[in-house]
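Below is one structure; the comments refer to it alone.
When reading the values below, keep in mind they use all heavy atoms of this one structure, side chains included, and skip hydrogens, waters and symmetry mates. Residue numbers count from 1 along this sequence. A quick note: this is a predicted structure, and the numbers were derived from the prediction, not measured.
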Amino acid sequence: MQQTRTKTRIQKRNRELIREAALDVFSQRGFRGATLDQIAELAGLSKPNLLYYFPSKEAIHLDLLSRLLDTWLDPLRDLDPAGDPKAEILGYVRRKLELSRDFPRESRLFANEVLQGAPRLTEVLGSDLKALVDEKSAVLQQWAAEGRIADLPPKHLIFAIWALTQHYADFEVQVRAVLGEGHDPYAEAQDFLDLLFTKLLAP
């Protein structure tokens with residue numbers, strides 16, 4: 001029994017080592033530029049050992065994307081129809097910015113996939129993601145109809161939130177270069193986005 005538990009711990013550790021290494025490689029090189037050899041070397045495992053856990057580069061990439069999408073969509077799922085509209089939307093903006101700050105590699109991984117036409121995510125984007133955006137867009141429309149927020153195209157409002165938060169992860173090098181030393185891009189972005197969306201949402 002002890003040997004089984006030890007093996008399971010080692011297997012879990014190795015799978016996480018592979019995921020971490022793959023995240024670095026994919027976010028830097030994209031799917032096409034990444035190789036199993038690069039991932040195995042960074043994970044400190046042999047290529048045959050890596051293939052014991054994941055049968056292909058595609059399998060690792062899809063595993064990362066699936067886990068990422070759950071994390072990425074949780075803040076939108078949490079948008080509460082019974083809550084205060086302004087507080088709910090500003091809270092969503094803050095959580096999206098926090099995800100960009102805390103998971104920049106994951107954000108770039110997702111951006112790279114979409115820029116390549118999302119070949120491994122097309123079905124999910126057109127089903128799960130679309131259904132969630134449709135659901136929350138209806139909430140935003142209802143709030144606008146009640147005069148509680150400005151009457152804005154709800155899906156484009158969501159797109160704007162994505163663009164204005166994920167930019168800080170996907171183009172972090174550019175953001176930091178332009179701001180220069182002594183600036184915290186995420187703290188400054190939070191103040192700016194709070195102000196921007198407060199004004200934008202005013203009925």
Side-chain angles (χ1 to χ4, degrees), residues 23 27 30 64-118 121-122 124-203:
L23 191 52
S27 64
L64 288 173
L65 287 171
S66 299
R67 290 158 66 95
L68 167 62
L69 262 182
D70 274 341
T71 301
W72 233 237
L73 295 180
D74 278 346
L76 186 56
R77 292 189 185 105
D78 290 340
L79 194 76
D80 184 2
D84 174 73
K86 179 182 168 185
E88 288 296 320
I89 296 169
L90 290 181
Y92 176 53
V93 173
R94 290 188 195 108
R95 287 190 290 274
K96 285 293 292 176
L97 189 61
E98 287 166 1
L99 283 177
S100 288
R101 179 195 65 203
D102 297 340
F103 301 100
R105 295 175 304 165
E106 288 85 345
S107 183
R108 289 190 286 271
L109 176 77
F110 183 74
N112 280 331
E113 172 70 9
V114 173
L115 286 170
Q116 292 174 22
L121 281 181
T122 301
V124 174
L125 294 180
S127 56
D128 296 357
L129 176 62
K130 186 179 186 312
L132 179 60
V133 171
D134 285 346
E135 175 192 335
K136 298 307 180 179
S137 292
V139 173
L140 296 172
Q141 276 186 312
Q142 182 62 37
W143 286 340
E146 294 167 354
R148 301 170 74 189
I149 61 171
D151 188 8
L152 302 166
K155 289 181 181 174
H156 289 281
L157 175 58
I158 293 172
F159 295 160
I161 293 170
W162 293 349
L164 288 168
T165 54
Q166 289 170 222
H167 174 86
Y168 288 91
D170 299 342
F171 292 88
E172 185 173 7
V173 172
Q174 174 181 276
V175 168
R176 290 188 182 277
V178 172
L179 287 177
E181 293 183 8
H183 290 270
D184 181 342
Y186 292 98
E188 293 177 19
Q190 185 60 76
D191 291 340
F192 171 72
L193 293 176
D194 275 350
L195 177 62
L196 176 68
F197 281 101
T198 296
K199 289 182 176 294
L200 182 65
L201 293 169

What residues form a side-chain hydrogen bond (donor to acceptor under 3.5 Å, both in side chains) with [X], not counting sequence neighbours?
| X | result |
| --- | --- |
| Gln142 | Glu146 |
| Thr165 | none |
| Asp74 | Arg77 |
| Asn112 | none |

Got a sec, which residues hit side-chain contact (heavy atoms from CB on, under 4.5 Å) with [X], two or more places apart in sequence or on another chain?
| X | answer |
| --- | --- |
| Arg94 | Leu90, Gln190, Asp194 |
| Pro104 | Arg108, Ala169, Glu172 |
| Asp78 | Arg95 |
| Glu113 | His61, Leu65, Ala118, Pro119, Arg120, Leu121 |

> Distance from Leu76 atom CG to Leu132 atom CG, nearest 0.5 Å?
Replying inline: 4.0 Å
>> Just verifying a value: how many Å separate Trp143 CH2 and Asp151 CG, rounded to the nearest 0.5 Å?
In response: 14.5 Å
>> Quick check on side chain to side chain contact (heavy atoms under 4.5 Å, CB included): which of Val175, Leu97, Val178 does Pro185 satisfy it with?
In response: Val175
> Among pairs that include at least one residue of residues 156-167, which meet salt bridge (Lys or Arg N to Asp or Glu O under 4.0 Å), considering only residues two or more places apart or in two chains?
Replying inline: none
>> Strictly by side chain to side chain donor-acceptor pair (under 3.5 Å), give each pair with a member in residues 82-92 just once, sequence neighbours left out.
In response: Tyr92-Trp162
> Which residues pass the salt bridge (Lys or Arg N to Asp or Glu O under 4.0 Å) test with Arg101, sequence neighbours left out?
Replying inline: none
>> Test side-chain contact (heavy atoms from CB on, under 4.5 Å) on Val93 and Leu164; report intermediate values, then the result.
In response: CA-CA 9 Å; Val93 173; Leu164 288 168; over 6 Å; no
> With sequence neighbours left out, which residue pairs that include part of residues 177-203 fulfil the ring-ring contact (aromatic ring centres under 6.0 Å, His included) condition?
Replying inline: none
> Should Leu129 and Leu69 be marked as a side-chain contact (heavy atoms from CB on, under 4.5 Å) after you check the CA-CA gap, both sets of side-chain angles, and the distance that decides it?
Replying inline: CA-CA 9 Å; Leu129 176 62; Leu69 262 182; 5.6 Å; no
